[in-house]
> 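Could you have a look at this structure, given as structure tokens, before my questions?
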Amino acid sequence: MNVIQTNQAPAAIGPYSQGIVVNNLFYSSGQIPLTAEGSLVTGDIKEQAHQVFKNLQAVLDAAGASLETVVKTTVFIKNMDDFAALNEVYGEYFSVHKPARSCVEVARLPKDVLVEIEVVALVK
């Protein structure tokens with residue numbers, strides 16, 4: 001196993017890694033809308049989702065992967081009423097390549113954010 005860590009994404013806020021590579025697969029921890037400096041991005045689901053994707057791109061890059069090599073995403077949202085708005089942002093990042101996805105509404109997320117996303121990706 002290879003632990004992935006980059007200063008281009010927020011540091012883990014608990015006893016976990018930003019991601020792990022095993023063989024040729026990268027498993028990310030869930031990314032929330034924190035900046036690399038640790039500031040919380042407030043605002044609506046779209047603003048928060050853009051920051052989540054920025055973080056995902058950073059950890060994917062550090063792992064030798066990219067959004068184009070993502071095979072599966074898991075999306076956790078605080079309110080399913082935000083699903084359509086989230087899908088708009090999601091579609092900007094996965095417009096041609098469309099990985100498998102699960103999306104679930106949850107009662108609460110870390111720091112009371114609106115969205116958290118984790119990915120599994122093929123390492124180049």
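Fair warning: this is a prediction, and the values are worked out from it, not measured in the lab.
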> Checking the side chain of Gln31 only, and the main-chain atoms of Asn55 only, is there a donor and an acceptor separated by less than 3.5 Å?
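No, Gln31 side chain to Asn55 backbone: no donor-acceptor pair under 3.5 Å.
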
> Determine which pairs satisfy side-chain hydrogen bond (donor to acceptor under 3.5 Å, both in side chains) with at least one residue from residues 109-124, sequence neighbours left out, and list them in order.
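Of all non-adjacent pairs touching residues 109-124, those that pass side-chain hydrogen bond (donor to acceptor under 3.5 Å, both in side chains) are Arg108-Asp112.
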
> Compare all side-chain heavy atoms of Asp61 with those of Thr6 and state whether any distance is below 4.5 angstrom.
no

> Compare every heavy atom of Asn87 with every heavy atom of Arg101, then report the nearest pair and how far apart it is.
NH1-OD1, 2.8 Å

> Look up atom CD in Glu68 and atom CG in Leu60, then write down how far apart they are to the nearest 0.5 Å.
9.5 Å

> Does a side-chain heavy-atom distance below 4.5 Å link Leu86 with Val115?
yes

> For residues Phe26 and Val59, determine if any side-chain heavy atom of one lies less than 4.5 Å from a side-chain heavy atom of the other.
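Result yes, sub-4.5 Å side-chain heavy-atom pair found.
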
> Once you measure the plane-to-plane angle for Phe53 and Tyr93, does it fall in the parallel (<30°), tilted (30-60°) or perpendicular (>60°) bin?
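Because their plane-to-plane angle is under 30°, the rings of Phe53 and Tyr93 count as parallel.
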
> How far apart are the C-alpha atoms of Ile4 and Ile20, what are their side-chain angles, what is the distance that settles it, and do they pass the side-chain contact (heavy atoms from CB on, under 4.5 Å) test?
CA-CA 6 Å; Ile4 301 303; Ile20 300 283; over 6 Å; no

> So do the side chains of Pro99 and Thr73 get within less than 4.5 Å of each other, counting heavy atoms only?
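They are in side-chain contact.
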
> Please tell me whether Leu56 and Val89 are part of a single hydrophobic cluster in this structure, the criterion being side-chain heavy atoms less than 4.5 Å apart.
yes

> Using a 4.5 Å cut-off on heavy atoms from C-beta on, say whether the side chain of Ile117 contacts that of Phe76.
no

> Where is the tightest heavy-atom contact between Gln5 and Gln18, given as atom of each residue plus distance?
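Nearest pair, atom of Gln5 first, then Gln18: CA-OE1, 2.9 Å.
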
> Taking only residues two or more places apart in sequence, or in another chain, which ones meet Tyr27 in a side-chain hydrogen bond (donor to acceptor under 3.5 Å, both in side chains)?
none

> Could you work out, with salt bridge (Lys or Arg N to Asp or Glu O under 4.0 Å) as the rule, every residue matching Lys46, not counting sequence neighbours?
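In terms of salt bridge (Lys or Arg N to Asp or Glu O under 4.0 Å), with neighbours along the sequence ignored, Lys46 is linked to Glu88.
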
> What are the two closest heavy atoms between Val21 and Ala63, and how far apart are they?
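What the structure gives for the nearest pair is CG2-CB, 4.0 Å.
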
> Do any N or O atoms from the side chain of Asn79 and from the backbone of Asp81 form a donor-acceptor pair under 3.5 angstrom?
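A pair under 3.5 Å: yes.
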
> If you look at every heavy atom in His50 and Glu92, which pair is closest and at what distance?
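For His50 and Glu92, the tightest heavy-atom pair comes out as CE1-OE1, 3.2 Å.
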
> Would you sort out whether Gln48 and Val113 count as a side-chain contact (heavy atoms from CB on, under 4.5 Å), showing the intermediate values?
CA-CA 8 Å; Gln48 290 194 17; Val113 300; 3.6 Å; yes

> Answer whether the closest heavy-atom distance between the side chains of Val41 and Thr35 falls below 4.5 Å.
yes

> If hydrophobic clusters are built by linking Ile, Leu, Val, Met, Phe, Trp and Tyr wherever their side-chain heavy atoms come under 4.5 Å apart, do Val70 and Val75 end up in the same one?
yes

> Are Leu109 and Ile32 packed together at the side-chain level, in the sense that at least one heavy-atom pair is separated by less than 4.5 angstrom?
no

> Can you tell if the side chain of Leu67 reaches within under 4.5 Å of the side chain of Gln57, non-hydrogen atoms only?
yes

> Between Thr69 and Ser66 (side chain of the first, backbone of the second, donor and acceptor by atom type, cut-off under 3.5 Å), is there such a pair?
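Yes; at least one donor-acceptor contact below 3.5 Å.
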
> Is Ile13 linked to Val3 within one hydrophobic cluster, defined over Ile, Leu, Val, Met, Phe, Trp and Tyr using a side-chain heavy-atom separation of less than 4.5 Å?
no

> For the backbone of Glu47 and the side chain of Asp44, can you confirm whether one donor and one acceptor N or O come within less than 3.5 Å of each other?
yes

> Do the ring planes of Phe94 and His97 sit parallel (below 30°), tilted (30 to 60°) or perpendicular (above 60°)?
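Perpendicular: the ring planes of Phe94 and His97 meet at over 60°.
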
> For residues Cys103 and Ile77, report the shortest heavy-atom separation together with the two atoms involved.
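Scanning both residues, the minimum pair turns out to be SG-CD1, 4.1 Å.
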
> If you take all heavy atoms of Leu114 and Gly43, which pair is closest and at what distance?
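Answer, listing the atom of Leu114 first, then Gly43: CD1-O, 3.7 Å.
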
> Do the side chains of Val119 and Val71 join up, straight or via other hydrophobic residues, at under 4.5 Å, putting them in one cluster?
no

> Let me check something: do Val52 and Val106 share a hydrophobic cluster, defined by ILVMFWY side-chain heavy atoms less than 4.5 Å apart, either directly or through other members?
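No: no chain of side-chain contacts under 4.5 Å links Val52 to Val106.
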
